[in-house]
Number of protein chains: 2
Amino acid sequence: MKCPSYNIFFETISTPIRLQIIDFLNDGAKNVTEICNHLNEEQSKISHNLKSLAGCHLLIVEKRGKHRYYSLNEDTVVPLLRIVEEHVAKYCCGECKVTVKAKR
Amino acid sequence: MKCPSYNIFFETISTPIRLQIIDFLNDGAKNVTEICNHLNEEQSKISHNLKSLAGCHLLIVEKRGKHRYYSLNEDTVVPLLRIVEEHVAKYCCGECKVTVKAKR
DNA sequence: ATATTATATGATGGGCACTTCATATGACCT
DNA sequence: AGGTCATATGAAGTGCCCATCATATAATAT
C-alpha cells in the first residue's frame with residue numbers, strides 16, 4: 001500500500017480522470033463497470049486510477065460477488081472538496097474545465 | 001492569471017518543493033531570498049514555483065521596496081492542510097518523506 | 001547613469017506519471 | 001472442468017511538468 005505522504009496525496013487527487021471518478025462517487029458506491037460506462041473510459045484505465053485513489057485511502061473498496069464497489073472516504077474527501085469548491089468560487093476566472101461539486 | 005480549476009489546484013500543491021514553501025510560510029510572510037536560503041534552492045526555481053502557487057491564489061504577494069513578500073492564503077491553505085494532516089495521521093504507513101504540519 | 005541587489009521570465013531537456021495494450025486473476029454459472 | 005463476466009496487473013511508449021540555464025526587469029544606492 002502506498003504511503004500517503006502529502007505530495008502523493010495531492011498528486012493522486014490532481015488529475016481530471018480521478019476527479020471525475022470522485023465526482024461520480026459523490027452519490028454513492030459504484031462498481032468498476034458502472035464507472036467505466038459513466039465516464040466512457042477503458043476498464044484498465046479506470047482500474048489503474050482506482051488503485052491509486054484507494055492506495056491513498058481516498059476511496060474505500062468493498063467486494064460483492066464478482067464486483068468491487070468503490071466509495072468515497074467521506075471523512076476526508078467531502079470536507080476537502082468543500083474547501084476547494086469555496087476557493088474556486090472566490091477566485092476562478094471562468095475557464096475551469098473540470099468541475100467537481102462538494103457533497104451537501 | 002491561471003484559473004484554479006480543481007485539477008490545477010491540486011496539481012499545484014502536489015510537489016515536495018511547493019509543499020516545503022508552504023510549510024516555511026506557516027510562520028509568516030517571507031521574501032524570495034529568505035525562502036531560497038531556507039530551502040537551499042536556486043532563486044529561479046523558487047520564483048517559478050511561487051508563481052504557480054500565487055497563480056492559484058494559494059499564496060498572496062506583497063511588494064515592499066525591492067522585495068516581494070509571499071504569505072499563505074490562510075482561508076484556504078490552513079484548513080486544507082489540517083484535513084490532510086488528520087488523514088495522514090490515520091493512514092500513513094510511516095514511509096512519508098515530506099511532512100507539512102497544519103498551522104495551529 | 002551606472003552598479004548592485006532582488007526577483008521574474010523565457011527556452012530547453014530530461015524524467016516520470018498516465019494511457020494503452022496485453023495478459024492474468026478471480027468469481028460465478030452450467 | 002470449461003466458459004464467461006468482472007476486475008486487476010504488467011510492460012512499454014509518449015506527453016508533459018519541472019529544474020536548469022540564461023537573460024530581463026525592477027528598485028535602490030552611490
Side-chain angles (χ1 to χ4, degrees), chain A residues 1-25 29-71 97-98, chain B residues 1-22 24-25 29-71 95 97-98:
Chain A
M1 197 77 70
K2 224 177 195 180
C3 177
S5 62
Y6 282 65
N7 59 321
I8 293 176
F9 178 90
F10 286 120
E11 190 182 312
T12 300
I13 210 173
S14 75
T15 78
I17 185 67
R18 293 204 274 264
L19 284 165
Q20 288 175 329
I21 291 172
I22 288 173
D23 192 37
F24 184 48
L25 296 183
K30 303 280 189 304
N31 66 46
V32 179
T33 304
E34 290 172 326
I35 299 172
C36 291
N37 292 337
H38 183 257
L39 299 182
N40 198 34
E41 296 280 358
E42 283 204 11
Q43 178 265 319
S44 68
K45 178 176 177 179
I46 295 298
S47 278
H48 278 300
N49 282 288
L50 287 172
K51 188 181 183 179
S52 299
L53 287 164
C56 282
H57 301 272
L58 287 161
L59 300 186
I60 298 164
V61 202
E62 187 195 353
K63 295 172 85 167
R64 295 185 208 164
K66 53 181 172 179
H67 298 274
R68 291 201 184 182
Y69 281 81
Y70 286 85
S71 58
K97 297 293 188 299
V98 178
Chain B
M1 198 76 71
K2 225 176 192 182
C3 177
S5 62
Y6 283 64
N7 60 321
I8 293 175
F9 177 90
F10 286 120
E11 190 182 312
T12 300
I13 209 174
S14 75
T15 77
I17 185 66
R18 294 205 272 261
L19 284 166
Q20 288 175 331
I21 291 173
I22 287 173
F24 183 48
L25 296 183
K30 302 280 189 303
N31 66 46
V32 180
T33 304
E34 289 172 330
I35 298 172
C36 291
N37 291 337
H38 184 257
L39 299 182
N40 198 33
E41 297 279 359
E42 283 205 11
Q43 178 265 318
S44 67
K45 178 175 174 179
I46 295 298
S47 278
H48 279 300
N49 282 287
L50 287 172
K51 187 180 183 181
S52 298
L53 287 164
C56 282
H57 300 271
L58 288 161
L59 300 186
I60 298 163
V61 201
E62 186 195 352
K63 295 173 86 168
R64 295 186 209 161
K66 53 180 172 179
H67 298 275
R68 291 202 184 181
Y69 281 81
Y70 286 85
S71 58
E95 290 172 9
K97 296 291 186 300
V98 178

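Letters A, B, ... mirror the listed sequences (proteins, then strands); counts begin at 1. Please read all numbers here as calculations on a predicted model, not as lab measurements.
With sequence neighbours excluded, no residue forms a salt bridge (charged side-chain N to carboxylate O under 4.0 Å, His left out) with A:Glu34. Qualifying ring-ring contact (aromatic ring centres under 6.0 Å, His included) partners for B:His38, counting only residues two or more places apart in sequence or in other chains: B:Phe24. Partners of A:Lys51 according to the side-chain hydrogen bond (donor to acceptor under 3.5 Å, both in side chains) rule, which considers only residues two or more places apart in sequence or in another chain, do not exist here. A:Gln43 pairs by the side-chain contact (heavy atoms from CB on, under 4.5 Å) definition with A:Val32, A:Cys36, A:Ser47, not counting sequence neighbours.
Listed by residue number, there are no residues of residues 30-40 of chain A with a heavy-atom contact under 4.0 Å to DNA chain C.
Taking atom CD of B:Glu62 as the reference point, atom C1' of C:dT7 lies 16 Å away to the nearest angstrom. Distance CD1 (A:Ile8) to P (C:dC16): 13 Å, rounded to an integer number of Å. We find that CZ of A:Phe10 is positioned 19 Å from C1' of C:dA17, with the value rounded to whole Å.
Contact annotation: B:Tyr69 does not reach the phosphate of C:dT7 (side-chain N/O to OP1 or OP2, under 4.0 Å). Taking only side-chain nitrogens and oxygens, A:Lys51 never comes nearer than 4.0 Å to OP1 or OP2 of D:dA8. Listed pair B:Tyr70 / C:dA6 fails the phosphate criterion, with no side-chain N or O lying under 4.0 Å from OP1 or OP2.
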Begin with the C-alpha distance, continue with both residues' side-chain angles, and end with the deciding distance and a verdict on side-chain contact (heavy atoms from CB on, under 4.5 Å) for A:Phe10 and B:Leu19.
CA-CA 10 Å; A:Phe10 286 120; B:Leu19 284 166; 4.1 Å; yes

Report the C-alpha distance between A:Ile17 and A:Ile46 in whole Å, list the side-chain angles of each, state the deciding distance to 0.1 Å, and finish with yes or no for side-chain contact (heavy atoms from CB on, under 4.5 Å).
CA-CA 8 Å; A:Ile17 185 67; A:Ile46 295 298; 4.3 Å; yes

Each nucleotide in nucleotides 17-30 of chain D should get exactly one letter: B, S or -. Can you fill that in based on protein heavy atoms under 4.0 Å?
SSSBBB----SS--

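Between the A:Asn49 side chain and the A:Lys45 main chain, a donor and an acceptor come within less than 3.5 Å of each other. Checking side-chain atoms of B:Arg18 against main-chain N and O of B:Leu53 turns up no donor-acceptor pair under 3.5 Å.
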